[in-house]
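For reference, the structure discussed in these notes is given below.
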Amino acid sequence: MKPRAISDRVLAGGAIDWDRRLFDSLIPLPDGTSYNAYLVQGSEKSALLDTVDPTKRDELMSQLAGIERIDFVISHHAEQDHSGAIPDVLAKYPQAKVVASTKAKGMLLDLLEGISEDRVITVEDGEELSLGDKTLRFVYMPWVHWPETMITYLLQDRILFTCDLFGSHLATSDLYADEARVYEPAKRYYAEIMMPFRRAIARHLERVRQIAPAVIAPSHGPVYRRPAFIIDAYDEWVSAPPRNRVIVPYITMHGSTARMVEHFVGALMERGVEVEQFNLASADIGKLAVSLVDAATIAVGTPTVLGGPHPTVLAAAQLAAVLNPKLRFAAVFGSYGWGGKAAEQVAAIVERADIEILAPVLCKGIPREADFVALESLAETIAVKHREQGFA
Ligand code: FEO
């Protein structure tokens with residue numbers, strides 16, 4: 001891929017990773033991803049903003065083959081998918097310095113090989129760096145999604161380079177966002193990466209609005225020519241009240257819990273509640289994460305295994321808890337053979353000060369009439385609570 005201009009002497013390069021299917025050995029990437037690096041050439045100095053994942057270093061270096069001078073490598077974020085090729089760039093340009101936040105410096109030295117302390121200079125929040133006729137202003141954005149993160153505003157061109165913030169795991173030949181196409185990958189990215197820090201992000205969104213950029217250029221996915229599209233979407237994901245929606249992740253071993261799911265989901269639908277159910281034996285956990293962005297309630301279905309919840313359910317409950325969605329209610333239901341603590345253990349994982357844990361519905365063996373009535377009662381409780389809270 002050849003770098004493409006997004007403004008006068010501002011080039012978008014890096015690498016499109018069409019084939020990557022897993023991030024952090026955890027997050028599914030159904031649409032691949034990209035690692036965007038931007039070159040800003042001022043009248044006196046040049047800066048490279050972020051690099052690429054180490055697996056794509058050759059692609060970045062071939063893009064830089066005809067670039068004689070780079071004075072600064074701006075490292076917004078120390079994670080290796082953006083910092084991984086910094087040592088290669090420093091080796092090619094012996095005069096170049098890495099520019100990072102004070103917290104990022106130590107992290108870069110910890111995480112990368114072939115980078116010495118004297119090659120890294122630090123900048124403070126709001127500090128500016130002149131490239132001649134172009135000026136970079138650095139804005140600290142801690143906890144999107146690491147503590148050291150900063151973003152860069154190119155004053156003359158009004159381009160805000162936001163690294164992970166506003167990114168999407170989307171491999172596409174589109175330089176600029178097709179808004180209908182990017183919405184879901186961007187929401188998935190938010191859910192998986194940013195949602196745990198949504199309170200910090202709510203504050204940062206205010207600063208981004210004050211900056212009023214003309215263009216937002218993230219380091220994953222396409223560039224936004226209409227910043228309001230992604231800023232407004234983030235506002236809704238971060239701050240809007242949850243919807244009248246229940247997420248039902250479950251596992252079934254011999255069909256009893258599945259029968260409970262079927263009845264419970266039907267009872268919710270009859271009461272006008274939106275539902276998304278996920279059989280965790282085959283579910284895409286990224287889709288589960290996206291569904292949690294707007295949901296008011298999670299209702300977890302689990303059989304009892306060795307006295308506790310099914311281990312796959314435990315892992316999903318743990319994920320739902322650390323993603324920190326806007327959930328207000330949680331419930332557990334399922335079938336057991338002779339006893340156990342499945343409901344208590346799941347509830348303990350998802351418990352949070354602002355989440356009400358509803359009474360569980362557990363049945364012994366195959367669910368029977370009384371169990372279905374109990375599930376209907378749970379569905380009614382949820383529907384009433386959603387109405388009382390005004391969830392649309
Ligand atoms: Fe895309 Fe947190 O790195």
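Index from 1, following the sequence. In what follows, every heavy atom counts, from backbone to side chain, and hydrogens, waters and symmetry copies are set aside. Order of listing sets the numbers, starting from 1, for every ligand and every atom in it.
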Practice prompt. Sort by chain and number the protein N/O/S atoms that are closer than 2.8 Å to atom 1 (Fe) of ligand 1, and list them.
Written response: D81 OD2, H82 NE2, D164 OD1, H220 NE2

Practice prompt. Test F166 against every option in F161, Y234, Y224 by the ring pair (Phe, Tyr, Trp, His ring centres under 6.0 Å) rule and name the one that passes.
Written response: Y234

Worksheet item: Any side-chain donor paired with an acceptor under 3.5 Å for H220 and D81?
Response: yes

Fill in: Any side-chain donor near an acceptor of the partner, T102 and E124, under 3.5 Å
no

Worksheet item: Distance under 6.0 Å and angle within 45° of the ring axis: does R137 meet both against Y153?
Response: no

Worksheet item: Side chains of T152 and H76: is there a donor and an acceptor less than 3.5 Å apart?
Response: yes

Worksheet item: Is a side-chain donor-acceptor pair under 3.5 Å present for H169 with E192?
Response: no

Worksheet item: Considering only N, O or S atoms, which atom of H145 is nearest to atom 2 (Fe) of ligand 1?
Response: NE2

